[in-house]
Amino acid sequence: MEAGPAPEARPLMDEQTFLDNFSHLNCPRKTYLCYEVELLVGENSIPLDEYKDFLHNESSYKIWERCHAELIFLERMASWNLDTELRYRVTCFISWSPCPDCADELVKFLRESRHVNLRIFAARIYERFPGYEEGLRALNAAGAEVAMMTFQEFEYCWKNFVDHQQDEDESFPSWDNLVVRSEELSQRLAGILQNQED
DNA sequence: ATTTTCAAT
């Protein structure tokens, strides 16, 4: 009997959801977070597809029911009970960068989770709350790699987290000024992480 | 017009 590869049951994001939420041209009032986990073994990394998925924040008119995407993600990571004797690399692609409170929670997590390396790629910088710069610096100082998504990450997410229905080879459509916007944001982030004022 | 910012008039 042949035991073929199990069919992928993992849900994918629809194309419009991805474009609406990750584009530089929009400022949606919600946040999507795509994540994946690799097991690090020596020089190699092994993708753990069972931990590859996406989520979004919980939005509600009731303030106590709201939850930022990062906190949902932290709960989800805790539920995995990753082996503390092993080493993992967790990569997040998030449409808005973490707010100061979420950055704090991520920092706490990193302090308690020496077996996890965290990389965060953000599509846009979320600057609604004062202190967002300090939050991003704290995350960086706690060992997280914080970077803006470039064309490469947008395209990677498009290929890996988005449902292309029939057309598997549909290429990432991009949007106006993606590369320029991404570079601008990367420079701003670099300034923030170096504690420079604009 | 460089600001649609993880809900609120």
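Every chain is numbered from 1 and lettered A, B, ... according to where its sequence line falls, protein lines coming before strand lines. This is a predicted model, so every value here is computed, not measured.
Taking every heavy atom of both residues into account, A:E15 and A:H164 meet most closely at OE2-ND1, 2.9 Å.
Taking atom C1' in both B:dT4 and B:dT9, one finds a spacing of 15 Å when rounded to whole Å.
Looking only at distances, a side-chain donor or acceptor of A:W158 sits under 3.5 Å from a matching main-chain atom of A:E170. With hydrogens and angles ignored, the 3.5 Å screen pairs no side-chain donor or acceptor of A:E183 with any backbone N or O of A:V180.
A search for salt bridge (Lys or Arg N to Asp or Glu O under 4.0 Å) contacts involving A:E43 returns nothing, not counting sequence neighbours. Qualifying salt bridge (Lys or Arg N to Asp or Glu O under 4.0 Å) partners for A:E127, counting only residues two or more places apart in sequence or in other chains: A:R188. A search for salt bridge (Lys or Arg N to Asp or Glu O under 4.0 Å) contacts involving A:R76 returns A:D53, not counting sequence neighbours. Remark: A:E112 engages no residue in a salt bridge (Lys or Arg N to Asp or Glu O under 4.0 Å) (not counting sequence neighbours).
Checked against A:N160 for a side chain to side chain donor-acceptor pair (under 3.5 Å), the options A:E36, A:E155, A:K52 give a single hit: A:K52.
DNA chain B is contacted by A:N57, A:E58, A:S59, A:Y61 of residues 56-65 of chain A, taking any non-hydrogen atom closer than 4.0 Å.
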Are there any protein N/O atoms within less than 3.5 Å of an N/O atom in nucleotides 2-5 of chain B, and if so, which ones and at what distance?
from	atom 1	to	atom 2	distance (Å)
B:dT5	OP1	A:R29	NH1	3.0
B:dT5	OP1	A:R29	NH2	2.8
B:dT5	O3'	A:Y126	OH	3.4
B:dT5	O2	A:E127	N	3.1
B:dT5	O4	A:E127	OE2	3.3

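Among the protein residues, A:S97 comes within range of the nucleic acid bases, having at least one heavy atom under 4.0 Å from a base atom.
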